[in-house]
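Atoms within each ligand, like the ligands themselves, are counted from 1 in listed order.
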Amino acid sequence: MSAATASQVLKADGIRKAYRGVHALDGVSIELAAGSITGLIGPNGSGKSTLFDCICGFQARDAGSVVLDGRDLKGLSPQRIARLGLRRTFQQLRVFPELTLRQNLLAAAQAAPGFSYFRELLRTPAVRRHEREMAQRADAMLEELRLERLAGALAGGLSYGQKKLLELGMALMNEPKLLLLDEPMAGVNPTLVEGLKEELLRVNRRGVALLIVEHNLKLVFDISHSVYVLEQGRVLMHGSPAEVANDERVIEAYLGHRGPAATEQGARLD
Ligand SMILES: Nc1ncnc2c1ncn2[C@@H]1O[C@H](COP(=O)(O)OP(=O)(O)OP(=O)(O)O)[C@@H](O)[C@H]1O
């Protein structure tokens, strides 16, 4: 097993995971360049969410290693991994509906480096400085997400697309190196998809690498530098968006057959 190189933000090697005999992941290896956008696609049940879970420590791996920015994540809790700069979003929204937008962002910041419940109890000057910094960061985030006029509103009253934006902001509060996005566009009104896409590109321009699971393939091919395709728990291929969109094996994996009909429908992969 080789260590990650300096230009890699993440190297996952030989990841295996079985659920009661079902091989959800059967030796998956991926490498993500620092600051890159990578798509992770594959038919339903191919193992995308399980791979996220195994990378972030939400599921124990049966085998394989994950190295974040040169550091082996073996045995670390999801909270510790988040503090090291790897954050994720989930298919199901995880915002606190009874808190305001600002409070949601501040709650997410408690997982940030430098936060300590012990120092919090003592309310040291360092704690007060940290609070001020987090408050400023929350305000800047609300402005960036164009949600500043809703800072004091309850998150439960937001539209679904606005909640997705807020969740993205929460994941960014501790300035991660890598953000794993699980279906960021699912259920989002088509008019908001464009805004969310622009936001993801802005986040990436700030140096945050993105790994995106998304069924909206047009979006994935539009913004990714490279794309991994999973099929039945294995990497079917890795290539540029154009290579992946035109690959017969990918079209077959999605549509289950080859030939003129597959090619015709496969064009939708572009
Ligand atoms: N907690 C679990 N218990 C048992 N089997 C599971 C569990 N989670 C996932 N699986 C199985 O593992 C395989 C991979 O599932 P996973 O959810 O990772 O796929 P996916 O590519 O994310 O699918 P989708 O696109 O539908 O979200 C599937 O066969 C699924 O049924």
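Taking CD1 of I30 as the start and CG of L230 as the end, the distance is 8.0 Å to the nearest 0.5 Å.
The existence of a salt bridge linking R249 and D247 is confirmed by a sub-4.0 Å separation between a basic side-chain nitrogen and an acidic carboxylate oxygen. Between R206 and E144, at least one side-chain N (NZ, or NE/NH1/NH2) sits under 4.0 Å from a carboxylate O, which counts as a salt bridge.
When the side chains of ILVMFWY residues are joined at heavy-atom separations under 4.5 Å, either directly or via intervening members, L154 and L166 end up in two distinct hydrophobic clusters.
Using cut-offs of 30° and 60° on the angle between ring planes, the pair F58 and F90 is perpendicular.
For K17 and Y19, the positive end sits near the middle of the six-membered ring, less than 6.0 Å away and at most 45° from its axis.
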Distances only, to 0.1 Å: what are the N or O pairs between ligand 1 and the protein that fall under 3.5 Å?
from	atom 1	to	atom 2	distance (Å)
ligand 1	18 (O)	T50	N	2.9
ligand 1	18 (O)	T50	OG1	2.5
ligand 1	19 (O)	G47	N	3.2
ligand 1	21 (O)	S46	N	3.1
ligand 1	21 (O)	S46	OG	3.4
ligand 1	21 (O)	G47	N	3.0
ligand 1	21 (O)	K48	N	3.0
ligand 1	21 (O)	K48	NZ	2.8
ligand 1	22 (O)	S49	N	2.9
ligand 1	22 (O)	S49	OG	3.1
ligand 1	23 (O)	G45	N	2.8
ligand 1	25 (O)	N44	OD1	3.3
ligand 1	25 (O)	K48	NZ	2.8
ligand 1	25 (O)	H215	NE2	3.3
ligand 1	26 (O)	N44	OD1	3.3
ligand 1	27 (O)	Q91	NE2	3.2

